[in-house]
Amino acid sequence: MRVYVRAPGEASDVEHMPAGDVTEGVVRVGQTIRRPHQPQSLAVAGYLDWLEDAGFEGAPRYLGRDAGGRDVLSFVPGRCAGALPETWVQSEDLLASVARLVRRLHGASAGYVPQDHPFPPRTVPTSTIPTTTVHQDPADLICHLDVTPQNVVVRDGLAAGLVDFDLAGPSTALRDACNTAMHWVPLRDPADAWPGWEELDPFRRLRIFADAYGWDREERRRVPGIAIDAAALSYDRMHHNAATLGGGWARMWAEGVGGLILRRRGWLEANAERLTGALTD
Ligand SMILES: Nc1ncnc2c1ncn2[C@@H]1O[C@H](COP(=O)(O)OP(=O)(O)OP(=O)(O)O)[C@@H](O)[C@H]1O
Ligand SMILES: [Mg+2]
């Protein structure tokens, strides 16, 4: 086990970080972040080590565990969106920079195969919602899978870092990029728009994301279907986690996240052609 020893003179004052949905007790201590140790922590640590060796500077470093057993990660300076993303998060330059950062993450992740600590399998119940494609592409890349506005560190108006690798694991670059676009465009029913986000044009914003990430024509054609399938999977997974893990998952479920996901799926289906058009015209 890697043991983190505080650097001499390092500040020890504790600052509580904005609460996320699931992980409680994330605090900043000096230039570090302390998080509860979790079943996937060592798998995440291995991935963060690989990213560091690959020269990817937009991720925290895993520094070990402190005397209380908590994971210690380097603090990535900058600011993140709050639970309801503020209007500064709408910047199109920021949106494009998020796409470029995720593209760089995918480049840096290529070739990574977890050795000592595999990612715990994510148990997903049999789907209750039909998916549109018969088979999914096999997972061929370890990636972040939760690039929300709250998990991107912004400096000088541009995406500089990614934090919160709790959901990282095997998937595909296309699925991770679609998931990122879903959070950042965002792709959701207009009835569920965040306050101050009602007037944004999701078609224009998805195109900005696509151009900045660099999806080819075939990938652009597949995006709506992948987003629709992801909504079905996400519905089942949230439902399952709420029932089996409780905590923040149960709270989100009680607050109606299931309905939000189903409305998103409905909006994506109703607008699939228009989305493809915006991506390919
Ligand atoms: N390494 C880091 N550097 C800078 N800020 C961080 C770092 N890790 C976390 N933060 C800040 O703390 C906030 C909460 O941390 P984090 O995202 O890791 O936990 P969480 O969102 O509570 O977890 P979950 O999404 O699993 O519920 C982040 O949104 C970000 O503002
Ligand atoms: Mg988070």
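Note that ligands are numbered from 1 as they come in the structure, with each ligand's atoms numbered from 1 the same way.
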- [ ] Would you mind checking if R220 and D211 are paired as a salt bridge, meaning a charged N to carboxylate O distance below 4.0 Å?
- [x] yes
Task: Ionic contact status for D137 with R222, cut-off 4.0 Å - done: yes
Just need the protein heavy atom nearest to [atom], so name the residue and atom and give the distance.
atom: atom 11 (C) of ligand 1; value: M17 CE, 3.5 Å
atom: atom 13 (C) of ligand 1; value: P18 O, 3.7 Å
atom: atom 5 (N) of ligand 1; value: F75 CE1, 3.7 Å
atom: atom 27 (O) of ligand 1; value: V22 N, 2.5 Å
atom: atom 15 (O) of ligand 1; value: V26 CG1, 3.6 Å
atom: atom 3 (N) of ligand 1; value: V76 N, 2.8 Å
atom: atom 26 (O) of ligand 1; value: T23 OG1, 2.7 Å
atom: atom 29 (O) of ligand 1; value: Q150 O, 2.7 Å

Open item on the list: Would G78 count as a contact residue for ligand 1, given that I'm defining contact as a non-hydrogen atom of the residue lying under 4.0 Å from a ligand atom?
Closed with: no
Task: Distance-minimising heavy-atom pair for R207 and D281 - done: NH1-O, 2.8 Å
- [ ] Mind listing the closest non-hydrogen atom pair of I261 and A231 along with its distance?
- [x] CG2-O, 3.2 Å
Task: D164, V152, L167, V153: member with heavy atom nearest to atom 16 (P) of ligand 1 - done: D164
With a 4.5 Å limit on heavy-atom distance, are the side chains of [X] and [Y] in contact?
X: V153; Y: C80; result: yes
X: M238; Y: W253; result: yes
X: E92; Y: R204; result: yes

Using a strict 4.0 Å cut-off to heavy atoms of [X], name the atoms of ligand 1 that fall inside it.
X: N151; result: 17 (O)
X: D166; result: 26 (O)
X: P60; result: 1 (N)
X: C80; result: 30 (C), 31 (O)

Take a 6.0 Å sphere around [atom1] of [X] and say whether it holds more than 12 heavy atoms from other residues, nucleotides or ligands.
X: D216; atom1: CG; value: yes
X: E199; atom1: CD; value: no
X: R274; atom1: CZ; value: no

Open item on the list: So, using side-chain hydrogen bond (donor to acceptor under 3.5 Å, both in side chains) as the criterion, who are the partners of D66 when residues are at least two apart?
Closed with: R34, R70
Side chain or backbone of [X] under 4.0 Å from ligand 1, or both, or neither, by non-hydrogen atoms?
X: S74; value: backbone
X: L73; value: neither
X: R35; value: side chain

Open item on the list: With a cut-off of 2.8 Å, does T148 put an N/O/S atom close enough to the Mg ion (ligand 2)?
Closed with: no
- [ ] Flag D164 as yes if one of its N/O/S atoms falls below 2.8 Å of the Mg ion (ligand 2), otherwise no.
- [x] yes
Open item on the list: So that I know where these two stand, are F209 and W215 an aromatic pair - ring centroids less than 6.0 Å apart?
Closed with: yes
Open item on the list: Polar contacts were defined as any N/O atom of the residue lying under 3.5 Å from an N/O atom of the ligand; does this apply to V163 and ligand 1?
Closed with: no
